[in-house]
Amino acid sequence: MRDTVQIHVTADLPIRVRALTYANRAEIRFGKAFPVVLLVDFDAIAVLGKQLEEAGTALSAATRTNHGDETPDTTD
């Protein structure tokens, strides 16, 4: 079994971000009652943003070309 935590981020999921200047990182909280917290070092913020942008671009392209006829690719 993999040692991972999976959360499903939707458009209506509360997301709060704050800079932890004393630790040189950002805290991203997903959810309210029992939030999942992602801590991102300052040097990794740009990398995370770029990867999310690339994923969004790939999803947009797949939406335009795939009309449900193909199984989507999965990545690890």
Side-chain angles (χ1 to χ4, degrees):
M1 176 176 260
R2 299 184 303 182
D3 292 334
T4 62
V5 174
Q6 294 182 343
I7 62 170
H8 184 183
V9 178
T10 61
D12 59 344
L13 178 71
I15 299 174
R16 294 177 310 282
V17 179
R18 69 180 184 152
L20 303 176
T21 54
Y22 60 89
N24 201 31
R25 64 179 61 146
E27 175 187 86
I28 306 169
R29 288 183 171 258
F30 301 92
K32 284 188 177 182
F34 301 101
V36 172
V37 178
L38 176 64
L39 296 174
V40 184
D41 287 341
F42 176 74
D43 295 337
I45 291 173
V47 175
L48 178 61
K50 182 180 178 208
Q51 293 297 311
L52 288 171
E53 184 64 32
E54 287 179 12
T57 300
L59 289 171
S60 293
T63 301
R64 287 191 303 269
T65 60
N66 186 359
H67 299 288
D69 298 334
E70 300 173 19
T71 303
D73 294 334
T74 58
T75 60
D76 261 342

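All values derive from a computational prediction rather than experimental measurement. Reckoned from all heavy atoms, side chains included, excluding hydrogens, waters and symmetry mates.
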* Asked: Out of curiosity, does I28 fall in the hydrophobic cluster containing V36 (side-chain heavy atoms, cut-off under 4.5 Å, transitive links)?
  -> yes
* Structure fact -> Note: with side-chain heavy atoms under 4.5 Å as the link, the other cluster members for F34 come out as none
* Structure fact -> Here the gap from H8 atom NE2 to L13 atom CG, rounded to the nearest 0.5 Å, amounts to 9.0 Å
* Asked: Is it true that R25 and E27 have a side-chain N and a carboxylate O under 4.0 angstrom from each other?
  -> no
* Starting at CD1 of I7, measure out to CZ of F30 and round the result to the nearest 0.5 Å. => 4.5 Å
* **K32: partners by salt bridge (Lys or Arg N to Asp or Glu O under 4.0 Å), with sequence neighbours left out** => none
* Should I15 and V9 count as side-chain neighbours, where that means a heavy-atom distance under 4.5 Å? -> yes
* Asked: Is a donor on one side and an acceptor on the other found under 3.5 Å between the side chain of R16 and the backbone of G31?
  -> yes
* Between L52 and V47, is there a shared hydrophobic cluster once you connect ILVMFWY residues whose side-chain heavy atoms come closer than 4.5 Å? -> no
* Structure fact -> Students should find that the hydrophobic cluster of Y22, defined by side-chain heavy atoms under 4.5 Å apart, otherwise consists of L20, V37, L39
* Hey, what do you get for CG (L48) to NZ (K50), rounding to the nearest 0.5 Å? -> 12.5 Å
* Within 6.0 Å of CD in E53, more than 12 heavy atoms from elsewhere -> no
